[in-house]
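In listed order, ligands and their atoms are each counted from 1.
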Amino acid sequence: MVKMIFLGAPGVGKGTHSNLVAEAHGIVKISTGDLLRENVKAGTELGLKAKEYMDAGGLVPDDLVIALLKDRISKDDCGKGFILDGFPRTIPQAEALSGITEIDLVVNLSAPEEVIIGRLSGRWTCKKCDAIYHELNIKPKVEGVCDKCGGELYQRDDQKPEVVKKRLETYQKDTAPLIDFYKSKGSFIEVNVEGNVEEVNKRVQEAINDKLNG
Ligand code: AMP
């Protein structure tokens, strides 16, 4: 049983690396961003409330996200543990989480701001299967078309340049304080994510295994 949190600015690759680590440990990966997007797509009451905050690059109110997360981690598939990607995003969320469950390890993915901006601007998403591409380094074989399912690629509202800027400001103001919050609590590691995905993932997996086994 292992429970981890992945922290980091938007664009550091939390989604990619947490998926690979979850696979390696045989545990589920939970992304509040994915859960919220599912709700938006399905047109639920929560989705309708969340959409305006998401489209503007801000945060969905704590009470909504905390309830969503609490419900998700109570499911049977979390019995062996889980990785949280994109939660907590504020100190009140972190405090609520500590009242719900214990966390074994916090992994902070870091990169210089210019690297993050380069990665975030130029992202495109598949309308059908949500796969993510990048103009510079993850190009689809045919422009505007998903390699995996043939769906049409588009820029999500939160991938547009002005919203990217707002998301980074939101990260600095609300989420970056979590680094000190968790550092002071103990089991915390930081991994630099510059480099290609395979290289960085190896670094991430090794750092995690060293910490968990050491
Ligand atoms: P993500 O895919 O993690 O970048 O999340 C996409 C958007 O969903 C964010 O920009 C927020 O608007 C919202 N969101 C995701 N997770 C949270 C959270 N823990 N607290 C508040 N808003 C969130």
* Asked: Would Lys202 and Glu198 pass as an ion pair if we require N to O under 4.0 Å?
  -> no
* Could you verify whether a donor N or O on one side chain and an acceptor N or O on the other, from Asn209 and Gln205, lie under 3.5 Å apart? => no
* Please state which protein non-hydrogen atom is closest to atom 20 (N) of ligand 1 and give its distance, to 0.1 Å? -> Gln93 NE2, 2.9 Å
* **Mode of Val60 contact toward ligand 1 - side chain, backbone, both, neither (heavy atoms, under 4.0 Å)** => both
* To do: Out of Gly58, Ala56, Ala94, Pro88, indicate the one that has the non-hydrogen atom closest to atom 12 (O) of ligand 1.
  => Gly58
* To do: Considering non-hydrogen atoms only, spot the tightest contact between Leu120 and Pro10 and give its length.
  => CD1-O, 3.6 Å
* To do: Would you mind checking if Glu162 and Lys166 are paired as a salt bridge, meaning a charged N to carboxylate O distance below 4.0 Å?
  => no
* Structure fact -> When distances are taken from atom 14 (N) of ligand 1, the protein heavy atom at minimum range is Leu36 CD1, 3.4 Å
* **Cation-aromatic face contact Lys127/Tyr154, 6.0 Å, 45 degrees** => yes
* Quick one: do Lys41 and Asp130 make a salt bridge, cutoff under 4.0 Å? -> yes
* Any N or O of Tyr53 closer than 3.5 Å to N or O of ligand 1 -> no
* **Shortest protein contact, atom 16 (N) of ligand 1 (heavy atom only)** => Thr32 OG1, 2.8 Å
* What protein heavy atom sits nearest atom 5 (O) of ligand 1, and how far off is it? -> Arg89 NH2, 3.3 Å
* Asp174 versus Thr90, side-chain donor and acceptor atoms under 3.5 Å -> no
* Structure fact -> Ranked by distance from atom 7 (C) of ligand 1, the top protein heavy atom is Met54 CE, 3.9 Å
* Using non-hydrogen atoms of the residue, decide whether Ser31 is closer than 4.0 angstrom to ligand 1. => no
* Asked: Is there a nitrogen or oxygen of Arg167 sitting under 3.5 Å from a nitrogen or oxygen of ligand 1?
  -> yes
* Asked: Can a salt bridge be assigned to the pair Asp77 and Lys75 using a cut-off of 4.0 Å between side-chain N and carboxylate O?
  -> no
* Asked: Just heavy atoms, cut-off under 4.0 Å: does Val65 contact ligand 1 by side chain, backbone, both, or neither?
  -> side chain
* Would you mind telling me if ligand 1 is within reach of the side chain of Arg37, the backbone, both or neither, using heavy atoms under 4.0 Å? => side chain
